[in-house]
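Written below as structure tokens is the structure these notes are about.
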Protein chains: 2
Amino acid sequence: MTSITSSSISTTKNTVTCTNCNLDKFCIPKGLDRFEVGELALLVNRNNIRQKGEAIYHAGSPFRGMIALRSGSAKLVSFGQHGNELIVDFILPGEVLGFDGLATQTYNCTAIALETVNYCHLPAHKIDELVTQKSCLNHLLLQRSCSQFDAQVERMMLNRRSAEERIASFILQISERLKQRGYSEMDFRLSMTRDEIGNHLGVAHETVSRIFHLFQSKQLIEVKSKHVKIIDKKELFNFYTTYSLNSPK
Amino acid sequence: MTSITSSSISTTKNTVTCTNCNLDKFCIPKGLDRFEVGELALLVNRNNIRQKGEAIYHAGSPFRGMIALRSGSAKLVSFGQHGNELIVDFILPGEVLGFDGLATQTYNCTAIALETVNYCHLPAHKIDELVTQKSCLNHLLLQRSCSQFDAQVERMMLNRRSAEERIASFILQISERLKQRGYSEMDFRLSMTRDEIGNHLGVAHETVSRIFHLFQSKQLIEVKSKHVKIIDKKELFNFYTTYSLNSPK
DNA sequence: CGACGCTTTGAGGAGATTCAAGACACGTGG
DNA sequence: CCACGTGTCTTGAATCTCCTCAAAGCGTCG
């Protein structure tokens, strides 16, 4: 089909760079100008593949750089001292991971593909170069890292809420994040199991199942195994903001 | 006693600077060399006082800089949309706060004194200057901010544990932090109420009370109102690492 | 000393977990 | 193409942890 020049042995699909990537608004380039993105494009390894269940990086291994998922999703897992594992976050297509290794230069978590993923990789040593050259990138990283703070507060708030509220918020959060990356916000497939959702939210997987069912019976969503369709977003939202609790004093 | 020169109207106590401050290993200067600390000393406002219950800064107000508690302690509070308030963290004497405003340049939380506090204040605009001049400070801030990530994981782990484990870990954490600043690690006074502890840990204040009592009956600690004495640190530690749970799969 | 806030202690109940068993889905090999 | 096996999901029942409500002790400060 396409003519193959000496400088390009890639297929049409593979000619995607940071400049024309549809993720550029969300990825590392966010906040950089056109020229800078061009530079960035030269530094990024594209088209890395991992199959379901394979690790993208391992906890304890040296920081190798930041990762942007071009397709597929992943989970970020932290292993406690007693074999208990905790899913710190899910990474959806178009999102960036690797922040858990930025500060210490060692990954704190293991990133595991929940389905086949295709990702870009910005190597660590190139990040250092960029950071010293472009203060904006520096600022950007600082910003992103500090936004962890907000996330933490948000999560603490969630942890005092009932299982129903947690799951309502989980569904809405996934919906919101998918929407931001241009996917359908009302109708999607969860790539993680009930067990993984439960682990992340701190509830038993049976409870996840039960509450999905409950929401369906209340006409808030339709669930069929991993497929979720949001019917009444507003009511779902009310569900987890209205019934608040544990507000001391 | 001391001769008073025109340039010094301060008492002996007030002549403490960053250079001779006993907190310098923990405070903002950490990682800076002697000369840089000297520079820093010129930028810092010292000897600010707040009484118990008074705010050091308010959520929503513009970032005014970083704060180091020279004495006294504080709580960092986040207000939810429905009047529920969440104690994100306690700040012990010698610790630094203000990270919640660093990224967005607006404080996300309100910092309230739990007892009379004396603090140093590094103004925001001077931080900017320093950051652009000294890349190490920049790195330092990034480091600190990213360590939030670890804290978040730690807290998520705690949230799947029983009330007993949470409180054991709380006591040990406070002990450890006091120790690091040179205070007694085995015998201290909690500056916060049971209510505040419970809020922070996500348990009812009655439960806090009961479990303190339980630990006392097990000869792990001695409690008398706010005063805590650790009797069997090792066993207390086992308490919250041995009985782990909820490890999925 | 009296008031107020904090802490302790008890009793009852709600929500979520755990255990157990069956249904469903998916992929593999016959 | 169907049978089979494994992993996932659902549903029920019993149990337990922790919360809520209530009331009484304790301490502190004006």
Applying side-chain hydrogen bond (donor to acceptor under 3.5 Å, both in side chains), name anything that partners Asp232(B), two or more places apart in sequence or on another chain.
none
Taken in chain and number order and not counting sequence neighbours, the residues that satisfy side chain to side chain contact (heavy atoms under 4.5 Å, CB included) with Ala111(B) are Ile56(B), Tyr57(B), Leu76(B), Leu97(B)
Residues which pass salt bridge (charged side-chain N to carboxylate O under 4.0 Å, His left out) with Arg210(B), listed by chain and number, not counting sequence neighbours:
none
Detail all sub-3.5 Å separations between protein N/O atoms and N/O atoms belonging to nucleotides 19-23 of chain C.
residue, atom, partner, partner atom, Å
dC19(C), N4, Glu206(A), OE2, 3.1

Using distance only, find each side-chain donor-acceptor pair of residues 59-68 of chain B under 3.5 Å and give its atom names and separation, not counting sequence neighbours.
residue, atom, partner, partner atom, Å
Ser61(B), OG, His58(B), O, 2.7

Sorted by number, the residues of residues 213-233 of chain B with heavy-atom contact under 4.0 Å to DNA chain C:
His213(B), Lys226(B)
Quick one: list whatever passes side chain to side chain contact (heavy atoms under 4.5 Å, CB included) with Ser225(B), sequence neighbours left out.
none
Could you work out, with side-chain hydrogen bond (donor to acceptor under 3.5 Å, both in side chains) as the rule, every residue matching Glu185(B), not counting sequence neighbours?
Lys233(B)
Residues that Glu95(B) engages under salt bridge (charged side-chain N to carboxylate O under 4.0 Å, His left out), provided they are two or more places apart:
Arg177(B)
Taking five pairs at each end of the helix from dC1(C)-dG30(D) to dG30(C)-dC1(D), what angle separates the two helix axes (nearest 10°)?
30°
Residue set satisfying side-chain hydrogen bond (donor to acceptor under 3.5 Å, both in side chains) with Glu154(B), at least two apart, ordered chain then number -> none
Quick test of your reading: applying ring pair (Phe, Tyr, Trp, His ring centres under 6.0 Å), list the pairs with at least one residue in residues 178-201 of chain B, sequence neighbours left out, ordered by first then second residue.
Phe90(B)-His200(B)
